[in-house]
Amino acid sequence: MLLNSIDRKSILKMVLGTGRAEIYYRSTMYIEGLALDHRGQQLYWTSHSNQQGSIATMDVTGDHASYTEVIQNISHPRALVVDEDNRYI
């Protein structure tokens, strides 16, 4: 399970039933929304700092240390959803 921690500015990874979480990705901005593209094996999230934000993605099958910003300079991004059938976020 992947979840976000606003106070840690991180995405956490947890195995259900263990109660333990490890940092999967640490950011310098506040991470708020998460969406998983199960078919494309991509994790998307919204983040913001100083009233400007972005939507980023990373491949969850490989090296989770790198990401790509797909949309930049949006105001107060909060949540997103992935439409896997039509390939929209």
Side-chain angles (χ1 to χ4, degrees):
M1 173 171 65
L2 297 170
L3 56 128
N4 68 315
S5 172
I6 294 173
D7 60 334
R8 293 186 194 178
K9 296 182 181 176
S10 300
I11 297 171
L12 305 177
K13 181 179 180 179
M14 177 185 289
V15 176
L16 292 175
T18 66
R20 294 184 327 202
E22 64 182 57
I23 293 177
Y24 187 70
Y25 171 75
R26 184 183 313 264
S27 178
T28 58
M29 299 195 300
Y30 293 101
I31 297 170
E32 293 208 29
L34 293 177
L36 179 64
D37 174 357
H38 176 50
R39 290 184 194 159
Q41 296 294 295
Q42 295 288 312
L43 175 67
Y44 294 89
W45 68 88
T46 62
S47 57
H48 69 88
S49 177
N50 297 328
Q51 314 248 332
Q52 290 299 310
S54 62
I55 297 175
T57 184
M58 74 170 55
D59 183 343
V60 295
T61 62
D63 179 15
H64 59 265
S66 62
Y67 71 95
T68 303
E69 286 188 348
V70 293
I71 300 173
Q72 299 176 354
N73 299 319
I74 53 178
S75 180
H76 294 78
R78 290 295 192 140
L80 64 150
V81 69
V82 174
D83 178 351
E84 294 177 284
D85 293 331
N86 297 304
R87 306 290 302 149
Y88 292 120
I89 55 171

Can you name the closest pair of heavy atoms from [X] and [Y] and give their distance?
{"X": "A35", "Y": "L80", "answer": "CB-O, 3.9 Å"}
{"X": "T46", "Y": "R78", "answer": "OG1-O, 3.3 Å"}
{"X": "N4", "Y": "E32", "answer": "ND2-O, 3.1 Å"}
{"X": "Y30", "Y": "I6", "answer": "CD2-O, 3.6 Å"}

When rounded to the nearest 0.5 angstrom, what distance separates [atom1] in [X] from [atom2] in [Y]?
{"X": "L12", "Y": "I23", "atom1": "CG", "atom2": "CD1", "answer": "6.5 Å"}
{"X": "I11", "Y": "L43", "atom1": "CD1", "atom2": "CG", "answer": "5.0 Å"}
{"X": "Y44", "Y": "L36", "atom1": "OH", "atom2": "CG", "answer": "10.0 Å"}
{"X": "E22", "Y": "S10", "atom1": "CD", "atom2": "OG", "answer": "12.0 Å"}

If you draw a 6.0 Å radius around NZ in K13, do more than 12 non-hydrogen atoms from other residues or ligands fall strictly inside?
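Atom NZ in K13 is not crowded, with 12 or fewer foreign heavy atoms closer than 6.0 Å.
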Start with the C-alpha distance between R87 and D37, add both sets of side-chain angles, then the distance that settles side-chain contact (heavy atoms from CB on, under 4.5 Å), and finish with yes or no.
CA-CA 9 Å; R87 306 290 302 149; D37 174 357; 2.5 Å; yes
Are any non-hydrogen side-chain atoms of R39 and D85 less than 4.5 angstrom apart?
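R39 reaches D85 side chain to side chain.
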Determine yes or no for a side-chain-to-main-chain donor-acceptor pair under 3.5 angstrom, with S54 supplying the side chain and A56 the backbone.
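Checked: no pair found.
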For T57, give me all partners under side-chain hydrogen bond (donor to acceptor under 3.5 Å, both in side chains), at least two apart in sequence or on another chain.
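Only Q42 meet the side-chain hydrogen bond (donor to acceptor under 3.5 Å, both in side chains) criterion with T57.
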Using the six-membered ring wherever Trp is involved, compare the ring planes of W45 and Y67 and label them parallel, tilted or perpendicular (cut-offs 30° and 60°).
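W45 vs Y67 ring planes: tilted.
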Under the salt bridge (Lys or Arg N to Asp or Glu O under 4.0 Å) test, residues paired with R20 that sit two or more places apart:
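Here no residue qualifies.
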Under the criterion side-chain contact (heavy atoms from CB on, under 4.5 Å), I'd like the reasoning laid out for R8 against I31: C-alpha separation, chi angles, the key distance, then a yes or no.
CA-CA 9 Å; R8 293 186 194 178; I31 297 170; over 6 Å; no
